[in-house]
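The structure under discussion appears below in the form of structure tokens.
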Amino acid sequence: MIMKRHSTMLLSFLPGRLALQASIRVKHLTTPATSTKKDSEAESLIPETLAAMEEERKAKALKGRSPSVSSSTSKSTSVAELKALGRTRLSLEERKRRRRALDGLGIAPFSRFLREQGLNLERALTETLQLNIGLYCNQACNHCHVESSPKRTQEMMSEEVATRCLDFLRRSPSIHTLDLTGGAPELNAQFRYLVRAAAPLGVSIIDRCNLTVLEEPGQEDLPEFLAHHQVHVVASLPCYEEENVKRQRGSSVYKRSIAGLKKLNAQGYGHEGSSLKLTLVYNPVGAFLPPSQPRLQAQYKEELAARFGVVFNDLVCLTNMPIKRFADHLHRTGELEQYMQLLVQSFNPKAVEGLMCRTHLSVGWDGRVYDCDFNQQLGMTMRGVGAVSAPGGGGENKGLTVFDVQDARELLEMRRPISVDTHCFGCTAGEGSSCGGATVGEVATG
């Protein structure tokens with residue numbers, strides 16, 4: 001497919017290697033396999049994202065930063081760097097940093113902390129199957145706990161793994177929600193396959209959408225596709241103020257996000273009385289906890305309606321987890337210990353009951369299973385006797401995969417303890433935090 005002239009002009013401003021990468025990705029997005037309609041005049045965000053990543057890399061080089069594990073977990077992390085250092089090594093280093101931060105505060109590990117509080121954390125029957133179907137994304141956000149970017153082209157779910165996940169879903173009547181995330185899940189080849197196959201099963205389907213993907217070439221029919229299959233869109237919009245979004249996500253993201261919201265509204269999403277549900281997601285732009293979810297929702301509704309005529313159903317607040325890019329940011333700015341102290345001091349015992357790891361099952365792009373999406377990104381797999389590798393995984397015992405368990409009942413009967421670490425303090429702080437937002441009501445601040 002021949003790229004449009006405006007895309008070529010954008011690519012001409014990038015260094016040679018990046019221009020080639022951007023060209024490949026824009027062509028990938030405009031392939032007929034992802035859309036049944038003609039390309040619009042929209043330009044891809046990918047060249048801009050790659051250019052910003054390159055500028056950040058150069059800025060760090062000018063500052064004389066030597067290569068280290070912390071720099072490798074930054075926004076400019078590439079697939080090659082991840083492979084060279086090893087994902088396990090990166091995750092262990094992050095965990096050591098958080099552990100040292102808590103040691104400095106005299107705080108016990110999370111598991112012991114819960115026992116000292118007289119609290120139990122045990123898995124119940126799975127109700128939500130969350131699939132991270134790939135780390136490829138048209139953005140590279142500063143807070144991203146999965147370190148998605150246009151460079152993450154290798155970590156993509158195969159059709160074999162996707163089919164096995166669907167089999168697990170069909171055999172598990174307790175599961176009422178299929179939650180698709182990434183990266184930008186819509187840019188994965190299995191996204192529409194999963195949606196089409198799951199829709200007749202009567203489960204609620206969630207698409208965790210970054211909104212800008214709705215503006216990508218080749219995705220012109222995406223709003224219509226989502227509406228046709230009654231997909232619940234959970235869309236990221238870290239603030240209704242453009243400057244705050246720009247700081248966290250890049251210069252063009254805000255305008256593209258608003259344009260995406262308008263497209264969803266045009267399909268009927270977010271309107272009162274409509275069956276098409278639109279949820280917005282807020283996460284802080286710094287090292288602080290989210291405000292009251294009900295209050296912020298009212299503010300978002302008022303501001304977006306007044307400024308753009310945009311409507312939505314509800315808003316959820318997520319706490320930034322001290323892992324991956326956000327952990328690297330905290331480490332570089334010297335705020336890690338302070339942030340961990342904030343999370344521990346804000347511990348809310350009522351939030352433990354609603355932790356998503358009790359009823360969620362997180363499946364990675366390679367088929368490995370985890371207690372939650374955060375554990376997935378830290379490589380904290382579920383362990384089990386006789387566990388095998390997912391197809392193509394080399395045959396090592398690297399934790400349970402969807403090929404090791406038949407259904408949610410069998411998983412529960414394994415009676416495995418939930419894997420926890422210091423990042424779990426993020427889910428129990430304040431009003432609590434999960435993929436569904438706050439887990440308890442508004443907390444008094446005194």
Side-chain angles (χ1 to χ4, degrees), residues 33-36 123-136 146 154-209 213 219 221-222 224-234 277 356-357 359-373 375-376 381-382 384 386-393 398-414 435-436:
T34 60
S35 177
T36 57
R123 173 167 284 280
L125 203 56
T126 302
E127 297 177 0
T128 297
L129 180 63
Q130 185 175 68
L131 309 183
N132 189 313
I133 63 175
L135 302 183
Y136 179 69
V146 302
Q154 302 302 311
E155 302 97 330
M156 303 283 269
M157 183 174 284
S158 67
E159 184 176 350
E160 184 176 8
V161 173
T163 299
R164 180 65 179 186
C165 290
L166 288 168
D167 291 341
F168 184 91
L169 177 62
R170 292 187 185 99
R171 291 192 294 261
S172 303
S174 64
I175 298 177
H176 54 68
T177 300
L178 177 65
D179 188 338
L180 302 178
T181 186
E186 305 89 350
L187 300 183
N188 184 282
Q190 308 310 320
F191 176 76
R192 299 196 185 205
Y193 164 58
L194 285 164
V195 170
R196 291 189 182 102
L201 302 180
V203 297
S204 173
I205 304 173
I206 292 176
D207 170 26
R208 295 195 177 269
C209 180
V213 71
Q219 298 296 325
D221 68 333
L222 181 57
E224 183 181 353
F225 174 84
L226 296 171
H228 176 74
H229 293 284
Q230 296 286 304
V231 175
H232 175 186
V233 177
V234 178
K277 191 173 182 182
M356 63 183 178
C357 53
T359 58
H360 279 54
L361 180 65
S362 176
V363 183
W365 61 271
D366 59 357
R368 304 190 197 286
V369 296
Y370 306 81
D371 291 304
C372 72
D373 191 47
N375 282 7
Q376 180 182 149
T381 56
M382 287 185 176
V388 299
S389 281
K398 295 183 178 180
L400 286 172
T401 77
V402 287
F403 295 89
D404 298 315
V405 287
Q406 295 299 309
D407 53 40
R409 175 60 63 180
E410 181 182 349
L411 182 67
L412 182 63
E413 290 173 352
M414 290 180 177
C435 289

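Here, residue 1 is the first one in the sequence, and each next residue gets the next number. This structure is a prediction, so every number in the text was calculated from the model and none was measured.
Scanning for salt bridge (charged side-chain N to carboxylate O under 4.0 Å, His left out) contacts around R170 gives D167, with sequence neighbours left out. Contacts of D371 classified as salt bridge (charged side-chain N to carboxylate O under 4.0 Å, His left out), with partners at least two apart in sequence or in another chain: R123, R416. Legend: residues meeting ring pair (Phe, Tyr, Trp, His ring centres under 6.0 Å) with H229, ordered by chain and number and at least two apart, are F225. Here A227 pairs with Q267, Y269, L276 under the side chain to side chain contact (heavy atoms under 4.5 Å, CB included) rule; sequence neighbours left out. Take T177 and apply the side chain to side chain contact (heavy atoms under 4.5 Å, CB included) test, not counting sequence neighbours, and it matches T128, S204, I206. For T359, the side chain to side chain contact (heavy atoms under 4.5 Å, CB included) criterion is met by A124, E127, not counting sequence neighbours.
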Inset, instruction - Start with the C-alpha gap between D366 and R368, add the side-chain angles, then the distance that decides, and say whether salt bridge (charged side-chain N to carboxylate O under 4.0 Å, His left out) holds. - result: CA-CA 6 Å; D366 59 357; R368 304 190 197 286; 3.1 Å; yes

- Message: Would D179 and L131 count as a side chain to side chain contact (heavy atoms under 4.5 Å, CB included) here? Give the steps.
- Response: CA-CA 6 Å; D179 188 338; L131 309 183; over 6 Å; no

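At least one donor-acceptor pair under 3.5 Å links the side chain of H360 to the backbone N or O of M356. Side-chain atoms of R171 come within 3.5 Å of backbone atoms of Q406 as a donor-acceptor pair (strictly under, hydrogens ignored). Listed for the D404 side chain is a donor-acceptor partner under 3.5 Å among the backbone atoms of T401. Between the R208 side chain and the V234 main chain, no donor and acceptor come within less than 3.5 Å of each other.
Within the 4.5 Å cutoff, the side chain of F191 has heavy atoms near those of the I133 side chain. T163 has its side chain out of reach of Q190: every pair of non-hydrogen atoms, C-beta onward, lies at least 4.5 Å apart.
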